[in-house]
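See structure below.
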Protein chains: 2
Amino acid sequence: MALPREYPGQSCAMARALEIVGERWTLLILRDAFFGVRRFSDFSRHLGVPRAVLTERLEFLVAEGVFDRVRGPRGRDEYVVTDKGMGLWPVLRALGAWGDAHYSPAGPRRTFRHEGCGGAVAPGGRCAGCGAQVPVGATVLVPGPGYEGPAEGDAISAALAEPHRLLEALP
Amino acid sequence: MALPREYPGQSCAMARALEIVGERWTLLILRDAFFGVRRFSDFSRHLGVPRAVLTERLEFLVAEGVFDRVRGPRGRDEYVVTDKGMGLWPVLRALGAWGDAHYSPAGPRRTFRHEGCGGAVAPGGRCAGCGAQVPVGATVLVPGPGYEGPAEGDAISAALAEPHRLLEALP
DNA sequence: CACCGATGGTTCGGTGAACGAACTGTGTGC
DNA sequence: GCACACAGTTCGTTCACCGAACCATCGGTG
């Protein structure tokens with residue numbers, strides 16, 4: 001049988017992309033990585049994904065060149081987004097924009113601003129202030145009006161609630 | 001236990017969106033719908049998805065307001081994308097752009113053009129010809145240099161190979 | 001009218017993935 | 001040496017996906 005991640009017979013770029021990032025948890029792992037999460041246990045704690053699944057997903061994403069596994073300080077492995085992985089930011093941004101538009105009556109839970117200029121970054125990546133196309137690394141994540149506060153006793157979601165640049169490692 | 005489609009504890013717009021469209025097959029069903037597929041048997045034949053799964057997905061997407069179920073000609077049910085569903089086009093477009101960039105060495109398999117103007121539509125939705133933001137319904141799907149031809153004996157993929165407007169019912 | 005094929009499903013047994021809890025190994029810091 | 005955090009692995013259970021077969025309805029055709 002075809003592997004469950006495959007979509008046999010679909011010679012389509014969207015299907016091909018979904019074979020890489022379409023499995024359960026994968027896009028949320030990637031979202032956390034954009035938000036600055038890098039370590040196995042931080043992904044695990046913040047997402048609540050079974051550890052075996054997390055191992056398998058990280059392994060696969062490294063093999064596909066979406067993540068790099070690097071030795072961080074104190075001998076800990078860190079998973080960082082590659083250039084290829086950064087190409088997936090528009091996908092996550094579009095998903096978030098749709099989710100906010102239809103399931104956040106109080107307004108967006110997170111907003112994105114152009115570092116320096118400070119203008120709001122539209123889902124397409126354009127800055128409403130200066131009109132520039134903002135690269136992922138120059139985007140600052142700021143809680144929006146619909147933000148509901150961090151989960152109880154979760155250091156990761158508390159750190160995510162502070163404004164910070166995308167892809168920058170959390171403290 | 002939490003329903004399998006859920007991501008418990010994630011108060012995030014992306015997670016919320018993935019609870020709607022993150023299950024296996026859902027985004028491919030939606031892609032086909034944008035390309036003009038509307039009937040149960042056409043989805044089934046073209047995607048090869050198990051019929052029980054297709055039933056469940058269509059039902060759920062109708063309940064969530066992504067599809068409308070309407071009585072088509074000759075008493076057949078048709079599933080058409082709602083305004084809310086159209087909001088997901090940027091997600092699919094971004095996925096396809098990433099898939100093309102990294103897994104289509106011969107160039108994109110499909111391209112998108114601005115109806116009338118004829119300019120290429122960028123993943124963000126802007127027309128390279130006239131600079132306008134192109135609505136989904138004014139986008140024309142055209143096979144690109146990486147297109148590999150329709151699957152053998154598949155009337156649906158043959159119809160998809162002809163240039164046509166998005167969301168317009170196939171012949 | 002009886003028949004027939006297409007449509008739009010439902011049912012059902014088998015299989016593989018996800019789940020969660022427990023366990024293991026490995027590298028620091030004290 | 002010892003404790004602890006980190007980064008997994010193992011394992012039994014549960015659940016969704018799979019594919020094949022079955023069923024009801026509708027529209028035409030003889």
Of B/D42 and B/A52, the one whose closest nucleotide on DNA chain C sits nearer the 5' end is B/D42
Apart from A/V80 itself, its cluster of hydrophobic side chains linked below 4.5 Å comprises A/V70
Handout entry: Side-chain-base donor-acceptor pair under 3.5 Å for B/R39 and C/dG8
Key = no
_Within the structure provided, determine whether B/R57 and B/V49 are in side-chain contact (heavy-atom separation under 4.5 Å)._
no
Report yes if a side-chain nitrogen or oxygen of B/T55 is closer than 4.0 Å to either non-bridging phosphate oxygen (OP1 or OP2) of C/dT10; otherwise report no. yes
>> In the structure I gave you, are the side-chain heavy atoms of B/L88 and B/V81 within less than 4.5 Å of one another anywhere?
In response: no
**Distance test, side-chain N/O of B/W25 to OP1/OP2 of D/dC18, below 4.0 Å** = yes
*Distance check: side-chain N/O of B/R45 vs OP1/OP2 of C/dT7, anything under 4.0 Å?*
yes
Quiz item: Same cluster or not: are A/F34 and A/Y147 linked, directly or through other Ile, Leu, Val, Met, Phe, Trp or Tyr residues, by side-chain heavy atoms under 4.5 angstrom apart?
Solution: no
Rounded to whole Å, the CZ-C1' distance (A/R51 to D/dT9) equals 10 Å
To the nearest angstrom, the CD-P distance between A/E56 and C/dG16 comes to 15 Å
Side-chain donor/acceptor contact of A/R24 with base of C/dA17 under 3.5 Å
no
